[in-house]
Amino acid sequence: MVSTVRNNQIVNLLILLPYTLIVRAHSLLYPKVYEVSSDDSILSRWILSMLGENALFHSILSALLIYCVAVIVANLSNKYRIFQKQNLYGAFFFVLLASLIAEVQMLTPALLGLLFFTLYLKSCMTIYRYHFKEFEIFNVGLFAMLAGLVYPPLMMLLFASLFVILFFEGVDTKAFLLLILGMVSTAIIVLSLFYFFDLYTFSDEGTLGLSKVITGKTYWVWDRIFYCGVVFFWVLFGLAKFYSFQKKKIIDARKRISFLALLTILLVIIPFFFIGSDIHFLLILSLMASFSIALYFDSLKNNIIVEMIHLLLIITLFGFQFNWINI
């Protein structure tokens with residue numbers, strides 16, 4: 001029985017790869033290279049420059065990163081019994097939301113940060129009732145620091161991590177020290193990298209994009225507003241349905257769902273403090289929204305309704321990507 005379940009999981013994950021490539025077809029047919037700015041971090045600018053200017057290579061890499069994140073989402077959802085039954089709803093809806101408009105179909109600092117953010121989620125959810133949690137607590141600090149150094153709005157994870165330890169471990173001095181050690185170790189390694197490649201200069205201004213409220217009208221054209229509306233609707237819907245998600249779950253799943261809800265609330269606030277978060281930050285929110293969508297559809301007994309909505313989202317996605325829908 002165990003081997004059968006494992007084989008089914010492998011088959012499902014293999015199906016997820018061509019699904020991701022199809023959904024990201026626009027970026028593969030019309031590849032673009034992200035233009036870095038002073039609001040991007042030094043580390044992300046260096047990574048993107050090292051990858052060269054081949055647009056197709058960037059698009060393929062972005063699709064593979066989305067696939068990797070989707071795999072982690074599927075693994076977390078099923079391993080920790082977030083849903084009532086084994087499924088790939090979270091992974092499928094994440095791929096859809098993370099590909100809705102062309103602007104988020106490039107290899108961007110936000111996408112690089114999303115990968116580390118997902119690994120951060122994995123480590124956070126693993127430390128709860130895990131016998132060898134010391135290594136994962138260190139990883140929480142490591143991935144929080146990496147995510148922030150690659151994509152500055154995720155620097156908020158450094159503060160969130162303190163509450164993560166309190167939430168899962170309580171007041172544990174050793175755990176806090178391991179967390180700080182992970183952060184400091186990562187910072188030292190990255191700063192050493194900066195020094196070795198002569199990357200850091202004090203003339204760089206606005207690199208972190210801190211404490212700036214998004215007010216520019218150029219951010220809020222109609223397709224961005226639509227995208228924001230779709231993602232924020234599902235985030236808020238997920239929070240509104242929080243109790244109904246919780247009441248039928250086992251204690252371990254409740255704890256992890258509570259963690260996801262609290263983290264979602266924090267992430268919704270971030271765009272108002274980091275100018276670097278603009279439209280690309282919605283990649284981060286789409287990850288959290290995908291859990292909300294999946295939790296809702298997992299509760300539906302009629303799979304036909306689920307597949308119809310899924311199909312409608314795919315048609316809408318291609319409509320916006322290929323300009324079939326004009327408003």
Side-chain angles (χ1 to χ4, degrees), residues 13 16-17 19-21 23-24 27-28 33-34 36 40-52 57-77 79 88 90-100 103-126 136 138-158 160-161 164 182-183 186-187 189-190 193 231 260 263-264 266-267 270 274 276-291:
L13 294 179
L16 190 58
L17 179 58
Y19 177 87
T20 303
L21 295 177
V23 170
R24 309 272 301 183
S27 67
L28 298 174
V33 176
Y34 175 78
V36 297
D40 297 317
S41 70
I42 299 171
L43 184 58
S44 63
R45 279 185 278 173
W46 178 72
I47 293 173
L48 291 173
S49 66
M50 291 290 288
L51 293 174
F57 174 69
H58 277 233
S59 294
I60 293 173
L61 192 55
S62 70
L64 292 177
L65 287 179
I66 290 293
Y67 170 71
C68 290
V69 173
V71 168
I72 297 173
V73 169
N75 179 263
L76 291 178
S77 302
K79 181 178 180 180
L88 293 178
F92 283 140
F93 286 116
F94 163 70
V95 174
L96 285 172
L97 289 177
S99 309
L100 191 58
E103 288 175 286
V104 296
Q105 287 212 3
M106 295 182 287
L107 182 62
T108 64
L111 182 52
L112 295 172
L114 177 65
L115 177 64
F116 293 117
F117 173 64
T118 312
L119 293 172
Y120 169 84
L121 279 181
K122 180 177 181 297
S123 293
C124 288
M125 295 174 73
T126 301
E136 291 299 340
F138 179 89
N139 283 344
V140 169
L142 184 151
F143 291 129
M145 180 62 75
L146 272 179
L149 288 173
V150 169
Y151 186 56
L154 291 178
M155 279 290 181
M156 291 289 283
L157 295 180
L158 298 180
S161 299
V164 168
M183 295 176 182
T186 307
I189 292 172
V190 173
L193 181 71
V231 176
L260 291 174
L263 191 58
T264 300
L266 171 67
L267 293 174
I270 287 180
F274 293 83
S277 55
D278 60 62
I279 192 68
H280 299 288
F281 183 74
L282 292 174
L283 275 172
I284 311 297
L285 284 181
S286 68
L287 175 64
M288 309 308 293
S290 66
F291 282 106

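Residue indices begin at 1 and follow the sequence shown.
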For S286 and F94, indicate whether the former's side chain and the latter's backbone hold a donor-acceptor pair under 3.5 Å. no

For residues I66 and A98, report the shortest heavy-atom separation together with the two atoms involved. CD1-CB, 3.8 Å

Check whether any side-chain heavy atom of V164 sits under 4.5 Å from a side-chain heavy atom of Y120, and report yes or no. yes

Where do Y67 and L17 come nearest, in terms of heavy atoms and distance? CE1-N, 3.4 Å

Considering all heavy atoms of both residues, which atom of L76 and which atom of M125 are nearest to each other, and what is their separation? CD1-SD, 4.1 Å

Just wondering, do L149 and S41 contact through their side chains at under 4.5 Å, heavy atoms? no

Separation between OH of Y34 and OG of S62, rounded to the nearest 0.5 Å: 14.0 Å

Using atom types as modelled, flag every donor-acceptor pair under 3.5 Å from a side chain in residues 104-112 to any protein atom, sequence neighbours excluded.
| from | atom 1 | to | atom 2 | distance (Å) |
| --- | --- | --- | --- | --- |
| Q105 | OE1 | S27 | N | 3.0 |
| Q105 | OE1 | S27 | OG | 3.3 |
| Q105 | NE2 | S99 | O | 2.9 |
| T108 | OG1 | A110 | N | 3.4 |
| T108 | OG1 | L111 | N | 3.2 |

Do L263 and F117 have side chains that get closer than 4.5 Å, going by heavy atoms? yes

Please report the closest heavy-atom contact between S161 and A144, naming both atoms and the distance. OG-CB, 3.7 Å

With rounding to the nearest 0.5 Å, note down the distance linking CZ in R24 to CG in L96. 11.0 Å

So, does S290 use its side chain to make a donor-acceptor pair with the main chain of L287 at under 3.5 Å? yes

Can you name the closest pair of heavy atoms from W46 and L193 and give their distance? CZ3-CD2, 3.6 Å

Any side-chain heavy atom of T20 within less than 4.5 Å of one from L16? yes

Testing the basics here: between F291 and S77, what is the closest heavy-atom pair and its distance to 0.1 Å? CE2-OG, 3.5 Å

Nearest 0.5 Å, please: how far is CG in L43 from OH in Y151? 14.5 Å

Could you measure the distance from the CG atom of L121 to the OG1 atom of T118? Nearest 0.5 Å is fine. 6.0 Å

Distance, nearest 0.5 Å, that separates OG1 of T126 from NZ of K79: 5.5 Å

Find the distance between CG (L157) and CE (M155) and round it off to the nearest 0.5 Å. 10.0 Å

With Y19 via ring pair (Phe, Tyr, Trp, His ring centres under 6.0 Å) - residues at least two apart: F92, H310

